[in-house]
Structures are given as C-alpha cells and as structure tokens.
Protein chains: 2
Amino acid sequence: MKVNGIIWNCFLLLILNPNKNLMLKEERQHAILNEVELHNRVLLTDLAEKLDVSIDTVRRDVKELDAENLLTKVHGGAVSLGFVNHSPARSNVYALDKKVGIAKKASTLLRNNSVILIDGGTTCLELARLLPTNIKLTCFTLSLPVAMELLGKPNVETIFIGGTLSRDSQIAVGANTINALAQIKVDYSFIGTGYVDAEFGLTEFDWEVVQTKKAVINASKKTVLLCISEKLNSQHRFKTCDLNVISTMVTELEPWDKKLDAFKNMNIQLL
Amino acid sequence: MKVNGIIWNCFLLLILNPNKNLMLKEERQHAILNEVELHNRVLLTDLAEKLDVSIDTVRRDVKELDAENLLTKVHGGAVSLGFVNHSPARSNVYALDKKVGIAKKASTLLRNNSVILIDGGTTCLELARLLPTNIKLTCFTLSLPVAMELLGKPNVETIFIGGTLSRDSQIAVGANTINALAQIKVDYSFIGTGYVDAEFGLTEFDWEVVQTKKAVINASKKTVLLCISEKLNSQHRFKTCDLNVISTMVTELEPWDKKLDAFKNMNIQLL
DNA sequence: AAATATATTGCAAAAAACAGCAATATTTAA
DNA sequence: TTAAATATTGCTGTTTTTTGCAATATATTT
C-alpha cells in the first residue's frame, strides 16, 4: 500500500515538523546553529532525525558551519564554539568566583585577636588571600600555599604546623603533624573537603589527609567547612567526620537555597 | 493497522532506548576536566564508572588532555595543573648564575638515602631546584620556597620543620622550630648566611634567624655553607657561629682562588 | 619477591566520515 | 516558457575514528 504509506508519512511529518516542506538549506543550518547554541552540543543523528534529512546532509551542513567558524564539528556531532578547551589561557582556579564569594562570607566570622587555622585547598587559599587587613589574627596552617599567602598579611602571625609534606595536596601530614596539632586549640578552623554528603558526612580521596583533617577538627573549638555546592551529595572512600561536628558550612549559595535542604535540620549554621 | 504499528514502534523505541546516554568525546573530556578541577585529583577507575565508559577510554581521554596541557596525568589518575605547576617566575635573583654554580657543586656531596636539611635563602633555593633526580633523599627544611620546590622532586621526601614564620626570610623560626630541630640529626645541612668573615665567623642581621641557624647546625653531623664570594669578609650584628663548625664551604670560586686564602688553613673543605 | 594495580599494545566491532555517483531540485539563459 | 547548467540531496562502498577487550608489560605496594 504505497499510497497509504506515503500519506501516512506526510501526516507524520506534518505533525512532528510542520514546516518541513519549506526547509531550505539556509533554514536548516540556522536550525542547527540554534540547536547547538541551546544545548552546547548536538549529535548528527539527532539532527538528521529532527530535521528529517539524511545524515549526510546534516554532516555537510555542519561541515560548512564549521568552515564558517560558527560552531565546532566533532566526531559524531558538533559543539558550540566555547565548549572545546583549546586555549591555554585559562584561569588557574576552578570556579574562582564562587570560591571568592565563599571566602568573603567566611571571613565575616573573624574577630580581632582570633586564633584560627586554615586548611589547604583552593577555597581555603582564597580565604587566606581575602583575610581582612584590619583584624589582627594568629593563624595556623598546614598548607604551603596558604602559608605563602599569609606571609603577605602584615596583621597576621603565621605558624606553620610542620610534618611530612604531601606532594599532591601540598599540606603537612603524618604523625608529626598530628602530634603538633594535638597541642593547640584554635577558635575557628576553616577546612575544605573533597566530598560532602548530608548522610555520609565529609569524605576524602586520601587516607593520610583524612587523619590530618581529623586532628585539625580536634584542635578547633569550632570547625567551619568551606565548600562549593558542586561537591554536595558526593562521597569517596575515606571518612573524615560526620556533619554534626561542623559548626558552620559556607557555600556560594544563599542559605535558603533548595540545594541545601538536606543540611537544614542538622544544627549547622549555613552561610 | 499500519498506524498502530508505527505508533507502537515509536513507543518501543522510547522505552527501550530512552536517551542512549550517548556522549561526545568532547563532552566527556569536558566532564573529566571538570571533575579534576573540582576535586584536584581523580582516579581513572572512578571516572570510568561515573561516565559509564571503559577505563581505556578514560585513559585515552586523560592522555589527550594531558597532551593539551589541561591537566596532569599521573599513575592511576589525573591531577589538576595547579598542583604541579609551581611556575617559579624567579625574575630578580641576584647573581643567579653564581648561585646555580654553587648549587651544582654542593649537590656532588649527596649520596643515595642521605638525610639532609636545606635552609632558606636564594642560594639554598637553587640547590633545592637542582637536586639530582637519581638520588633518593630525605630532606628537611624550614623554608617555604624550598619546600615548594622540593615537592616537585619525585625522589625526595620532604619534611617541613614547623614554627612561626618569619615574614621576610620566609622560614620557620622561634621556640617551636628550635624544639623540633633538637630532635633530629641529619647527615648534611646546607645553610646560607647573611655575612661571613674568616675571623668573626657567620653573622646575621636578624636575631631570630640566628637562633634558628644555631639549632640547624646542632641538628647536623656536617654543615655545608653555601655563599657567594661577595659576602666574604663582611659581618653584622648577631653571630651564628664560628667558621670551625663549618665542614664545607661552597662558593662560585675555584677552591684555589686567592680570595679564599683566609679560609685555607681552617680545616674547612673548600668546593 | 610476590601480589596487586595500572599501562601499553594489538586487535576487532561498531560508528562515523568520506568520496563518488545518480536522482532530484533550483537557478540561469535563451 | 523551456532547456541547459548548476546545486542539492541521498545512496553506496570504502576508509577512518572510536571504543572495548585481552594479553602482556610495567609500576606500586606488601
């Protein structure tokens, strides 16, 4: 029943894609561009189906658009121009703006003559960078980069907790460090974490780091967790602590954000 | 019923093949990069699981990203650039070539499995930079920049002697540091000095630094002085030690240089 | 040194890209 | 308007890329 089949196809086409008949090459390419802009990526097969042309046609279209520098053709599809990271000129720190925001919020906890401890990691490093210069502080740290940063602060007395240095995390770890930490008690410690989950608490990739963080928490009256929201609801193998030992959690989100719901009835101050 | 058939087929397709989770290579690499930046360090196995591809694919992706200098591949995983790229950017080190020469000569003293201590200062920093990579070392230090440099050496275990950090010398000083130093004994310590004179010995501008250097010397079986010849025959307020506690003195000069005459009958090895 | 984990290599299946060709559609010229 | 020229599109078979697997080699840990 060829006739019926054709009629049915036309009907389907009209339902799924009303203006198919009038689709010229230019239109089609426009539609492709639109799709790429919208979703940042697109598969050739999807495009072919959606535009109801053969895959070859789509391929040719994408090729042309690529030649015109309107998108980037990749194996199996296309991505928007910004998507492919070719350029070496990238900011060194991931999500720097978020981390700066977190650091600013965290620094409001500081009082004159506070004794604090700043952990390693890029977020904590931002805190070190943004420490207010009008408040006199005594600051312990285990992190080489944080220490470097703190040396630039005239109002901060910096004490480095020594120990074996971990190549990856650039912090002091090991028995030595833990012993030294056992002898101090700071007002606030500001720590980062690799992973955090409302149920499983803070977890890490590295066992040694976990031991050190535990010692840090023990050495603090109050522990403040600095953590960008992307890390929420993730976990790894080694557990640092439960969330109930954390006094304050600082993310880049507003405290009432829905993503923080899981942390709201836990006696944690959200900042 | 052709109509029913087609509709049913569509339905089946949707059920059996909901989204196919098809991912473009670029997307996947983007995700990998994101994960690395987020957590600083990831395992290939974790990536493979998370992205639902084989470990081979992840490995190949990471390899490519490494080749593009977007991350650093390590055994079993990847780390973000920030953790290994301490781009030194040492621009204005005075008499750098001389100090490099000194460091090279000093490094000939090293043996496999030596336990050494490297002091602060630009000359010692050059030594840290030029440590041979074929000799396994355990290396103590009080200097932040030296520690940073040592972390880039895969064959060196680095232990930082903690303490209050001195802002201008970027080394740990104070009672804490001296206590910690009292508990170790290294094969060689490599120290710098502000001023040296055949008669008055090693002297410094800073009293705290002197105390620390004394403790360093006590913590060493042999003490090696790294010192550019310009500092010879100069002195300052606070005395670190006499020259007879120095085992080896390394300058950029040849050992038989006339400028070293004053040090030749002092039981000091000249290098 | 043994045991485990990770890398490397070659290979094969699947997917995608490509090139050439024929059918159709569109434009141009008479 | 018609006919020729040109462009577009879909199809075929071939080549290339991607991916996963297995065997082997290397690295790391105990």
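This one's a predicted model, so the numbers in the text were calculated from it and none came from an experiment. Proteins come first, then strands; the chains are lettered A, B, ... in the order of their sequence lines, and each starts at number 1.
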Polar atoms only, N or O, under 3.5 Å: list the protein pairs with nucleotides 21-29 of chain D and their distances.
from   : atom 1 : to    : atom 2 : distance (Å)
D:dC21 : N4     : B:D56 : OD2    : 3.2

**Prompt:** Is there a side-chain polar atom (N or O) of B:R28 under 4.0 Å from OP1 or OP2 of D:dT19?
**Reply:**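 For B:R28, the contact criterion (side-chain N or O under 4.0 Å from OP1 or OP2 of D:dT19) is met.
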**Asked** Relative to the 5' end of DNA chain C, which residue comes earlier, B:K73 or A:G76, by the nucleotide with the nearest heavy atom?
**Response**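 With B:K73 and A:G76 compared, the 5'-side residue is B:K73.
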**Item:** All salt bridge (Lys or Arg N to Asp or Glu O under 4.0 Å) counterparts of B:K73, not counting sequence neighbours
**Value:**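 Once residues adjacent in sequence are excluded, B:K73 has no partner under the salt bridge (Lys or Arg N to Asp or Glu O under 4.0 Å) criterion.
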**Request:** Taking side chain to side chain contact (heavy atoms under 4.5 Å, CB included) as the test, write out the residues that go with B:C124, two or more places apart.
**Result:**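 Expected list: B:I118, B:D119, B:L226.
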**Message:** Test of understanding: with salt bridge (Lys or Arg N to Asp or Glu O under 4.0 Å), list the residues that count as partners of B:K25, not counting sequence neighbours.
**Reply:**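 Here the qualifying residues are B:E64.
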**Request:** For A:L44 and D:dT17, give me the distance from atom CG to atom P, rounded to whole Å.
**Result:**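 From A:L44 CG to D:dT17 P: 16 Å.
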**Request:** Could you list all the salt bridge (Lys or Arg N to Asp or Glu O under 4.0 Å) pairs where at least one residue sits in residues 151-162 of chain B, not counting sequence neighbours?
**Result:**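 For residues 151-162 of chain B: none.
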**Prompt:** Any side-chain N or O of A:K63 under 4.0 Å from OP1/OP2 of C:dC18?
**Reply:**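 Result: yes.
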**Request:** Could you check how far NZ of B:K25 sits from C1' of C:dA14, rounded to whole Å?
**Result:**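 After rounding, the gap between these two atoms is 16 Å.
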**Message:** A:N179: which residues meet the side chain to side chain donor-acceptor pair (under 3.5 Å) condition with it, sequence neighbours left out?
**Reply:**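 Per chain and number, A:N179 pairs via side chain to side chain donor-acceptor pair (under 3.5 Å) with no residue.
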**Prompt:** Does A:T57 make a side-chain N or O approach to OP1 or OP2 of D:dG10 shorter than 4.0 Å?
**Reply:**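 Answer yes for this pair, as a side-chain N or O of A:T57 is under 4.0 Å from OP1 or OP2.
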**Asked** Given D:dG20, C:dT8, D:dT8, which nucleotide is nearest the side-chain atoms of B:R59?
**Response**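 Of all the options, the side chain of B:R59 is nearest to C:dT8.
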